[in-house]
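All residue numbers refer to positions in the sequence shown, counting from 1.
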Amino acid sequence: ENGVIASVNVYVAGVNTKIDPAKEDEGAWLEDMDGTIVQRGTVTRSDMTTADITFAALPPSGKYRFVLAGRNGAGEEFGVSMAKKIVEVIND
């Protein structure tokens with residue numbers, strides 16, 4: 001469901017979603033509403049329009065920001081673009 005994370009496996013569809021997981025400043029994570037990273041995800045696959053992310057565990061249920069950060073395959077001379085979306089985590 002859009003805007004809800006209830007599984008450790010997350011599928012993202014959009015534009016410019018290609019992530020290089022070898023780069024420290026690229027990736028996907030959940031932040032609390034103060035901007036503190038509470039859980040990093042592992043990007044298992046990504047391309048220009050979709051990304052698959054797996055979390056080792058989900059944080060407690062509540063509102064978080066899901067962040068996707070990357071260069072869409074461009075070199076390190078380009079800045080990292082970040083997409084942020086407020087999501088509801090359901091951790092039952």
Side-chain angles (χ1 to χ4, degrees):
E1 183 179 341
N2 188 14
V4 175
I5 296 178
S7 168
V8 294
N9 298 308
V10 176
Y11 174 80
V12 176
V15 294
N16 300 328
T17 57
K18 187 170 177 74
I19 305 295
D20 183 348
K23 299 210 166 68
E24 267 187 40
D25 56 354
E26 296 189 37
W29 56 85
L30 290 167
E31 296 179 344
D32 65 18
M33 299 310 284
D34 293 324
T36 302
I37 295 172
V38 295
Q39 186 69 49
R40 286 194 178 272
T42 300
V43 177
T44 57
R45 190 205 58 77
S46 69
D47 60 28
M48 302 290 191
T49 58
T50 61
D52 296 335
I53 295 99
T54 300
F55 290 96
L58 292 178
S61 295
K63 288 198 181 297
Y64 295 88
R65 269 190 209 92
F66 175 79
V67 180
L68 191 68
R71 293 180 177 84
N72 200 39
E76 287 190 30
E77 65 275 13
F78 292 91
V80 174
S81 295
M82 289 187 181
K84 297 184 178 189
K85 180 178 178 82
I86 295 176
V87 296
E88 182 77 23
V89 170
I90 300 173
N91 188 1
D92 291 331

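For residues 31-43, the set of pairs meeting the side chain to side chain donor-acceptor pair (under 3.5 Å) definition, not counting sequence neighbours, comprises W29-E31.
Put simply, the side chain of R71 reaches to within 4.5 Å of the side chain of E26, judged on heavy atoms. Side chains of S61 and N91 form a contact here, defined as non-hydrogen atoms less than 4.5 Å apart. The side-chain heavy atoms of V67 and K85, taken from C-beta on, include no pair separated by under 4.5 Å. Side-chain contact check for D47 versus K18: every heavy-atom pair is 4.5 Å or farther apart.
Here the straight-line distance linking atom CD of E76 with atom CG of D20 works out to 8.0 Å at 0.5 Å rounding. To the nearest 0.5 Å, atoms OG (S81) and CG (N72) are separated by 8.0 Å.
Under the side-chain contact (heavy atoms from CB on, under 4.5 Å) criterion, T54 pairs with N9, T44, sequence neighbours left out.
The hydrophobic cluster around I5 extends to V8, V10, V12, I19, L30, V38, V43, I53, F55, L58, Y64, F66, L68, V87, V89, counting ILVMFWY residues whose side-chain heavy atoms fall within less than 4.5 Å of a member.
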